[in-house]
Amino acid sequence: MRIVIATGNPHKVDEIRAVLAPMGFAVVSLSELGRPVPAEPDEPGSTFEENARIKARYYAAALGEAVLADDSGLEVDALQGAPGVHSAYWAGTEGSRADRDARNNAKLVGSMRGIPVEQRGARFVCTMCIATPDGMVHIETRGEFDGVIADEPRGAHGFGYDPYLWLPERGMTSAELSPDEKNAMSHRGRAVRRLAYLLIHKRISW
Ligand code: IMP
C-alpha cells in the first residue's frame, strides 16, 4: 500500500519510513512525488491534532490521493506547555531549518534559566492523521516522549530540540540515541506504530 507523507522535513520522513517500510508500505514524501506540490498550508489550530488534520485534508485534496500528515512539537511543563504547536517557529520564521532550530534552542535555554531540575519536565508530542480527498479522516494517532530539559546540548543525531531532551532512564539526550533507538521510544515512533497497527489489524482502508 502506498502512503504519501505530507512533510518537507527529511528527518521526519526517515523516521516514519523506518517503521512503515519494513511492514511493506511504500512511503513517498512530497518531494519524491515528481510533480508540483502546493506550499504548506497555515497551521492555525490550537492542538497538534487539529493541525495534523488540516495538513492531511489539504494535501489529500490537492494531490487526489490518501495522505498521512504529522504534527509535532515540544511541551515544557514550566512554560505551561509552550512552545507546543508553535515549536517549529517559536523564535521566528526566518532562515533555514537549521537556523530556526538553533534560535529555538537558544530561546529554550533562556526560558529555562534558573528553573530547578525537578521542574524541568517536558515531552515531545506527535499526532498523525490519514485523510482522503473527500475530506474524510480515517485514522488519528498520538505518541508522547517524556524527558527533562537539559541546560547543555548533547548529541548529534536527530533534529530540532533533540539535544535538549534529557532521558533520565537512558542517561543521555534524544540526540544521543541512534535513529533506531529513538524510533523505539519516541513520540513519532509510537504514533506511527499505532497507525500501522490500525491499518493492518483493524483493516482500515479507503
Ligand atoms: P511541525 O513540522 O509543525 O510538526 O514542527 C515540529 C517542530 O517541533 C520541529 O520543527 C521541532 O522543532 C520540534 N520537534 C518535533 N519532533 C521533534 C523531534 O523528534 N525532535 C526534536 N524536535 C522535534
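Atoms within a ligand are numbered from 1 in the order they appear, just like the ligands themselves. These values consider heavy atoms only, across backbone and side chains, with no hydrogens, waters or symmetry-generated copies.
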Of all the non-hydrogen atoms in the protein, which one sits nearest to [atom], and at what distance?
atom                    : result
atom 3 (O) of ligand 1  : Asp71 OD1, 3.0 Å
atom 16 (N) of ligand 1 : Arg188 NH2, 2.9 Å
atom 20 (N) of ligand 1 : Asp162 OD1, 2.9 Å
atom 14 (N) of ligand 1 : Phe159 CE1, 4.1 Å
atom 6 (C) of ligand 1  : Ser72 O, 3.1 Å
atom 1 (P) of ligand 1  : Lys12 NZ, 3.3 Å
atom 19 (O) of ligand 1 : Lys182 NZ, 2.8 Å

Provide the number and element of each atom of ligand 1 under 4.0 Å from a heavy atom of [X].
X      : answer
Ala88  : 5 (O), 7 (C), 10 (O)
Glu43  : 3 (O)
Phe124 : 20 (N), 21 (C), 22 (N), 23 (C)

* Chi angles and distances behind the side-chain contact (heavy atoms from CB on, under 4.5 Å) call for Val137, Arg57 -> CA-CA 8 Å; Val137 167; Arg57 284 191 169 130; 3.8 Å; yes
Exactly one candidate in Lys55, Arg53, Arg188, Lys12 meets salt bridge (Lys or Arg N to Asp or Glu O under 4.0 Å) with Asp71; the answer is Lys55
- If we ignore angles and hydrogens, is there a donor and acceptor under 3.5 Å between the side chains of Asp134 and Thr132?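 Yes, Thr132 and Asp134 have a side-chain donor paired with an acceptor closer than 3.5 Å.
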Quiz item: According to the interplanar angle, ranging from 0 to 90°, do the rings of Tyr161 and Phe124 count as parallel (below 30°), tilted (30 to 60°) or perpendicular (above 60°)?
Solution: tilted
Looking at every heavy atom in both [X] and [Y], which two are closest together, and how far apart are they?
X      : Y      : value
Leu167 : Asp146 : CD2-O, 3.7 Å
Gly73  : Phe48  : N-CE2, 3.5 Å
Asn51  : Pro44  : OD1-N, 3.7 Å

Query raised in the report: Taking C-beta and beyond as the side chain, do Ile16 and Phe25 meet within less than 4.5 Å on heavy atoms?
Result: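 No. Closest side-chain heavy atoms not under 4.5 Å.
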Going by the 4.0 angstrom heavy-atom rule, the piece of His187 near ligand 1 is side chain
Within the structure, is a non-hydrogen atom of [X] found at a distance of less than 4.0 Å from ligand 1?
X     : answer
Gly73 : yes
Asn9  : no
His11 : no
Leu74 : no

Considering only NZ, NE, NH1 and NH2 on the basic side and carboxylate oxygens on the acidic side, decide whether Arg142 and Glu144 come within less than 4.0 Å.
yes
Original post:
Between Asp151 and Arg113, is the closest basic N to carboxylate O distance under 4.0 Å?
Top reply: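 Judged by the 4.0 Å cut-off on N to carboxylate O distance, Arg113 and Asp151 do not form a salt bridge.
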Is there a polar contact, in the sense of an N or O pair closer than 3.5 Å, between Glu15 and ligand 1? no
- Within the side chain of Arg97, is there an N or O that forms a donor-acceptor pair under 3.5 Å with the backbone of Ala88?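 The answer is no, because no donor-acceptor pair under 3.5 Å joins these two groups.
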Practice problem: Going by heavy-atom distance to atom 22 (N) of ligand 1, choose the closest among Tyr161, Trp90, Tyr89, Phe145. | Solution: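 Ranked by closest heavy atom to atom 22 (N) of ligand 1, first place is Tyr161.
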